[in-house]
There are 2 protein chains.
Amino acid sequence: MIQRKQVTSQDVALRAGVSRTTVSLVLNNKHELSQISPKTAQRVIRAAQELGYVPNAAAQALVNKKASVIGLVLSRSHHQISSDVYLTQVVDALMLEAHQNQMRVLLDVLENHEDRNSYQRLIQGRLVDGILFSGPRTDDRALDLLAKMDFPTVLMGGLPGSPFYSVDIDNIQAAKLATQHLISLGHQRIGCITNATPVFTAAADRLRGYRLALQENHLPIDDRLVRFGDFDPPSGYRAMQGLLSVQPNPTAVFVASDVVAYGAMSALHDAGKNIPEDVAIVSMDDVPLSAFISPRLTSVHLPNSKLAQSAGSLLIDLINGNRPARKQIILDTHLVIRESCGSQLRMNSQ
Amino acid sequence: MIQRKQVTSQDVALRAGVSRTTVSLVLNNKHELSQISPKTAQRVIRAAQELGYVPNAAAQALVNKKASVIGLVLSRSHHQISSDVYLTQVVDALMLEAHQNQMRVLLDVLENHEDRNSYQRLIQGRLVDGILFSGPRTDDRALDLLAKMDFPTVLMGGLPGSPFYSVDIDNIQAAKLATQHLISLGHQRIGCITNATPVFTAAADRLRGYRLALQENHLPIDDRLVRFGDFDPPSGYRAMQGLLSVQPNPTAVFVASDVVAYGAMSALHDAGKNIPEDVAIVSMDDVPLSAFISPRLTSVHLPNSKLAQSAGSLLIDLINGNRPARKQIILDTHLVIRESCGSQLRMNSQ
DNA sequence: CTATTCTAATAACACGTGTTAGTAACGCGT
DNA sequence: ACGCGTTACTAACACGTGTTATTAGAATAG
């Protein structure tokens, strides 16, 4: 590969007629401390511009012991990433936050949860200065390693009992809120489809919120009415088919994720059931698309961008050596009522 | 920040009782050439494992003149990224391909299209070895800079007359195929909603395909029936409202993107129109979700994963110094017929 | 016993940057 | 004339790695 030779600070120094040190001082704005005459400073800046000098990132990283890169680690398998709808929001907000701090974002998947090696090159190799961890799993052994070396790490989504900083919503409360809404509409027999298997803490918490809501309203808990989704629409489709095989059918279903809910709704449609007349649906996540499908999805809104931004900001704090006292940040959620729950239907008929 | 001291190759050398050079040779599997006895090799490997040695990425990048990182550059504004549904597929496939070549993926947005500076730190700073460019714009001035330095670059989506390698589908042909399908169902008055403004080449091409199909079938072209989407559902909603204000209404609409189509369908729904009875819809992209909304969307399937994988593979080739003869790779598309076009309706009634 | 080849390893340099310690030149007071 | 502080810069080291030229020692040949 023919690559034009890199312009180094030495070249700039030569052209400006000064030493390389002077170039470094001027370009990093340390010349006021070091008493460098404004005249030479100007000459250096001119020379740098004329040559199109850009400092070598690797060299800077080496000497500064700072890569100026934060890692976003996804703890899901590949098929799950493909149908992940928040990812774009997270990535977007994170990049914005990173750029404001002269940092960049490196993306990585954690494919094998047993494999500590996959972390090592990333972290001990100092390729990134900190890690943002999306969707932690309770069975992730590699996280222990991270904790031991107190490497700057922030979790998006909590991991109970872990020593990490984290940014999250109150999943239990949010799921309870959603289920409660269905109860307040008069439903007695309410099913649940989770967003994922319970090894993901968010999934376990949402299921718990659903059960709590039933308990507090003295409704019976029927485990046949609980099905497990797996991030994508097909899993929701299958889960809903499962629910429909239980007699009597539930009159409402709390689905713990919009994307899974799409599949569930499709299954209802294919079974000839109307939403919300035959089966009402309340979901969680409030993905942008959910306001545009029909029927419009009633869903608990998650502040994804804000979540990612807070997480990014917190991580950068950690990287800079600050240790905020508050280890957990919990952001607020709220229910967005649309058509799939049948609220409007009720209001009209009353 | 208290950070445990990094384990260097010097530490390994000390522990194994050899020189640093020997450590490097052994760990990079060059010891066969250099006549290092198997016994010392074993000793070195043991020592490295015991200390948990991981080479410093910055130092390696500096001396090898290779960052082992490829950059994925998104040329869209932030709100457009948030509602981008292919991004996850692209990212996923790209990471898979990168990992197989011991590379990582750095994500970046290009916010200001006039600003050459944003490229400079990335490329001239040697932070990445190559760039994968998603969604090039005809008005992107910064691309010229890239071309001049012949930096390894691959475009996802073509840019006519540009000197870059690219991976794409035949947008004109695909759009033509979709429109043709509507024509074959007997529609005479067919509207079009683009996926984006025409500065994006893909949007311009799809519009052209639509017009070609009309021409070849001797149907009149009515520019009032062409509206421009802007990546997200709301833009599709507004565009469809615009189309419905034209009398007589179109009986079918080709929407050049699934996500935009969701908005368009929502507008039809709100206007009391049935799909496909009143207005038939054919779209492009075939996002996974499209099989699960109702009515199920008829759409031209794009091989997004394959596209990203090919692009990644091509880019890695370029980085390694190969110059494949074929500058453009065009992948195949096919129409997936579902409910929104009304094909099945027709077949039943016939 | 010396010259030559072969083996096994290393000293030394290069990559491009940030920073510390140090040094000329110069004015100034005594 | 000499010491002393100030100004304006630079020589030299450090960061951690890959690689080239070189060396010390042993084995072999003459």
Side-chain angles (χ1 to χ4, degrees), chain A residues 3-44 47-48 51-68 102 121 123-127 129, chain B residues 3-44 47-48 51-68 102 121 123-127 129:
Chain A
Q3 194 90 339
R4 205 186 309 171
K5 203 197 165 291
Q6 165 149 12
V7 180
T8 77
S9 60
Q10 180 65 51
D11 300 333
V12 178
L14 232 60
R15 180 171 186 113
V18 295
S19 82
R20 214 176 48 67
T21 307
T22 308
V23 173
S24 173
L25 290 174
V26 170
L27 263 41
N28 293 326
N29 288 322
K30 308 234 164 118
H31 45 124
E32 281 136 23
L33 301 158
S34 296
Q35 316 282 51
I36 286 186
S37 72
K39 211 172 50 185
T40 12
Q42 268 310 315
R43 218 169 52 234
V44 168
L51 293 176
Y53 168 70
V54 177
N56 180 293
Q60 282 187 321
L62 181 57
V63 66
N64 291 335
K65 296 180 172 307
K66 188 173 174 186
S68 289
Q102 278 70 255
R121 291 200 79 82
I123 292 153
Q124 300 201 27
R126 301 285 188 274
L127 218 149
D129 302 319
Chain B
Q3 195 88 338
R4 206 187 308 174
K5 205 198 161 292
Q6 165 148 11
V7 179
T8 76
S9 61
Q10 180 65 50
D11 300 332
V12 178
L14 232 61
R15 182 172 185 112
V18 296
S19 82
R20 215 176 47 68
T21 307
T22 307
V23 172
S24 173
L25 291 174
V26 169
L27 262 43
N28 294 327
N29 288 322
K30 308 234 164 121
H31 47 123
E32 280 134 22
L33 302 157
S34 296
Q35 317 281 51
I36 288 186
S37 71
K39 209 172 49 185
T40 15
Q42 267 311 315
R43 218 168 53 234
V44 169
L51 293 176
Y53 168 70
V54 177
N56 180 295
Q60 283 186 320
L62 182 57
V63 65
N64 291 336
K65 296 178 172 306
K66 189 173 174 190
S68 290
Q102 278 69 255
R121 289 200 79 82
I123 293 153
Q124 298 200 28
R126 302 283 190 274
L127 220 150
D129 303 319

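Proteins get letters first, then strands, A, B, ... in listed order; numbering begins at 1 in each.
Note: CD1 (A/Ile36) to C1' (D/dT7) measures 11 Å, nearest angstrom. Summarising the geometry, the separation between CG on B/Leu27 and P on D/dT19 is reported as 13 Å, rounded to the nearest angstrom. Rounded to whole Å, the distance from CG on B/Leu62 to P on C/dG16 is 7 Å.
The shortest distance between the side-chain N/O atoms of A/Lys65 and the OP1/OP2 oxygens of C/dG18 is not below 4.0 Å. Side-chain N/O atoms of A/Gln60 include one lying less than 4.0 angstrom from OP1 or OP2 on C/dG18. A sub-4.0 Å separation between OP1 or OP2 of D/dG18 and a side-chain N or O of B/Asn28 is present. Look at B/Thr22 and you won't find any side-chain N or O under 4.0 angstrom from OP1 or OP2 of C/dA8.
In the set D/dG16, C/dG18, D/dA11, the nucleotide with an atom closest to the side chain of A/Asn64 is C/dG18. The side chain of B/Tyr53 approaches D/dT17 more closely than any other nucleotide in the set C/dT10, D/dT17, D/dT10.
The terminal axes of the helix from C/dC1-D/dG30 to C/dT30-D/dA1, fitted over 5 pairs per end, subtend an angle of 90° to the nearest 10°.
Judged by atom type and distance alone, B/Thr21 reaches the base of C/dA11 through a side-chain donor-acceptor pair under 3.5 Å. At a cut-off of 3.5 angstrom, the base of C/dG18 holds at least one donor-acceptor pair with the side chain of A/Arg20. Judged by atom type and distance alone, A/Thr8 does not reach the base of C/dT17 through any side-chain donor-acceptor pair under 3.5 Å.
The residue A/Ser24 sits close to a base: some heavy atom pair falls under 4.0 Å. B/Ser9 comes within 4.0 angstrom of the backbone, heavy atoms only, and of no base.
Legend: residues meeting salt bridge (charged side-chain N to carboxylate O under 4.0 Å, His left out) with A/Arg20, ordered by chain and number and at least two apart, are absent.
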Could I get a table of every N or O pair under 3.5 Å where one atom is in the protein and the other is in nucleotides 21-27 of chain C?
none

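The distance from atom CG of B/Leu25 to atom OG of B/Ser19, rounded to the nearest 0.5 Å, is 8.0 Å.
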